[in-house]
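Notes for the one structure printed next.
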Amino acid sequence: MAITTKRAAIPERTLRTDRWWLPQLSTAAGLLVFIGYSTWRAFSGTHYYAAPYVSPFYSPCLATNCVPMRGGADWAVIGDWWRLSPALLVLIFPLGFRMTCYYYRKAYYRAFWASPPACAVGEQHAKYTGETRFPLILQNLHRYFFYLAIPVAVILTYDAVLGFRDASGAFGHAGLGTLVLLVNVALIWAYTLSCHSCRHIVGGRLRNFSKHPVRYRAWQLVGRLNTRHMQLAWASLASVGLADLYVYLVSSGAFSDPRFF
Ligand code: FES
């Protein structure tokens with residue numbers, strides 16, 4: 001059933017005197033920068049592999065038009081008919097995960113739709129139907145995107161481990177790129193595990209914790225991460241963009257990867 005509510009009859013739009021619009025402005029700016037950069041990189045289809053580093057935007061590379069990575073064989077399950085950038089086949093999963101994330105929903109509802117503009121600031125929209133109708137009812141898919149985000153994080157972990165190779169494929173080496181991929185995957189895991197759906201999956205639907213000590217412990221850990229969900233959302237968003245940028249710079253020859261050993 002659709003929910004419709006009437007607004008309280010208060011003439012002032014808000015009684016707040018602080019700069020309540022500042023977080024929304026910076027959120028919009030941050031998201032627009034990332035959307036602009038990631039759209040350009042996702043459609044470019046180039047410079048996403050600089051041995052042994054693979055950009056997180058292009059992993060796993062599922063199409064046959066991927067450059068040979070990981071010593072030649074990737075997971076090319078999509079046939080020759082795919083002509084577009086291979087990033088478009090995989091970005092749908094992290095994109096869906098972030099678009100339906102509880103934090104990002106709050107962030108972009110406020111920053112782009114002003115619905116609501118901020119706490120205790122009147123909304124301009126005449127009607128409020130929440131997330132009860134298409135398309136916003138699809139936000140309920142978040143839990144399923146969480147399930148899909150786990151294999152993506154596992155694959156990025158695999159990529160980070162492969163970063164300990166040299167360009168010839170021999171293990172036991174590391175460069176600045178290895179560190180970049182490691183930091184990125186650590187933040188991706190922290191963000192993924194701090195998800196509200198994860199918290200519910202781990203500790204929800206239990207009558208008492210005393211009979212489920214392992215789940216209780218896991219729920220406590222996830223709960224601790226969950227309190228930092230917003231910070232982790234931004235940190236992992238920045239790190240995934242920077243990891244891609246790093247691979248792009250090395251691959252395009254604009255920067256040479258410093259090797260530690
Ligand atoms: Fe943000 Fe699940 S609530 S990722």
Side-chain angles (χ1 to χ4, degrees), residues 23-24 26-35 37-39 42 56-57 59-60 87 89-119 129-160 181-206 215-244:
Q24 277 63 285
S26 42
T27 297
L31 290 178
L32 284 174
V33 167
F34 184 81
I35 291 167
Y37 174 79
S38 58
T39 304
F57 284 9
S59 185
L89 293 168
V90 289
L91 281 184
I92 184 84
F93 303 114
L95 181 70
F97 186 47
R98 290 195 186 246
M99 285 284 289
T100 57
C101 162
Y102 294 11
Y103 164 67
Y104 282 113
R105 271 143 78 175
K106 170 190 151 186
Y108 66 79
Y109 287 168
R110 290 184 179 199
F112 296 128
W113 280 310
S115 178
C119 287
T129 55
E131 294 173 334
T132 59
R133 292 185 189 167
F134 183 83
L136 293 186
I137 198 164
L138 295 178
Q139 304 282 29
N140 290 302
L141 293 174
H142 184 63
R143 160 180 291 241
Y144 302 102
F145 278 115
F146 168 75
Y147 293 135
L148 293 169
I150 297 289
V152 171
V154 169
I155 290 165
L156 295 186
T157 307
Y158 177 64
D159 290 338
L181 294 187
L182 280 177
V183 170
N184 177 51
V185 82
L187 287 169
I188 295 280
W189 272 116
Y191 168 66
T192 305
L193 296 177
S194 70
C195 168
H196 292 69
S197 288
C198 175
R199 189 164 177 261
H200 180 71
I201 290 163
V202 169
R205 291 173 167 268
L206 295 179
R215 286 184 66 181
Y216 178 54
R217 185 83 192 108
W219 178 77
Q220 282 183 311
L221 291 172
V222 168
R224 239 172 265 150
L225 280 176
N226 182 258
T227 60
R228 298 273 178 272
H229 193 56
M230 178 182 80
Q231 291 87 340
L232 290 169
W234 281 105
S236 59
L237 194 74
S239 77
V240 80
L242 289 172
D244 173 79

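Since we're looking at a predicted model, the values are computed, not measured. Numbering of ligands and ligand atoms starts at 1, following listing order.
- Panel note: side chain R199, backbone G204; no donor-acceptor pair is recorded below 3.5 Å.
- For the pair R98 and Y191, the cation sits on the ring face: its NZ or CZ lies under 6.0 Å from the ring centre, inside 45° of the axis.
- Contacts with ligand 1 closer than 4.0 Å are made by side-chain heavy atoms of H142 only, the backbone lying farther away.
- Taking 2.8 Å as the criterion, C101 does not count as a coordinating residue of atom 2 (Fe) of ligand 1, since none of its N, O or S atoms falls below it.
- Near H229, the atoms of ligand 1 lying under 4.0 angstrom from a non-hydrogen atom of the residue are 1 (Fe), 3 (S), 4 (S).
- Annotation for ligand 1: atoms under 4.0 Å from non-hydrogen atoms of Y102 are 1 (Fe), 3 (S).
- Y216 and W219 have parallel rings, their planes meeting at less than 30° on a 0 to 90° scale where 60° marks the start of perpendicular.
- If you look at Y102 and H196, their ring centroids are closer than 6.0 Å.
- Contacts between F97 and ligand 1 below 4.0 angstrom, taking non-hydrogen atoms only, involve the side chain exclusively.
- Contact check for W189 versus L232: no side-chain heavy atoms found under the 4.5 Å cut-off.
- The closest approach between Y104 and ligand 1 stays at or above 4.0 Å for every heavy atom of the residue.
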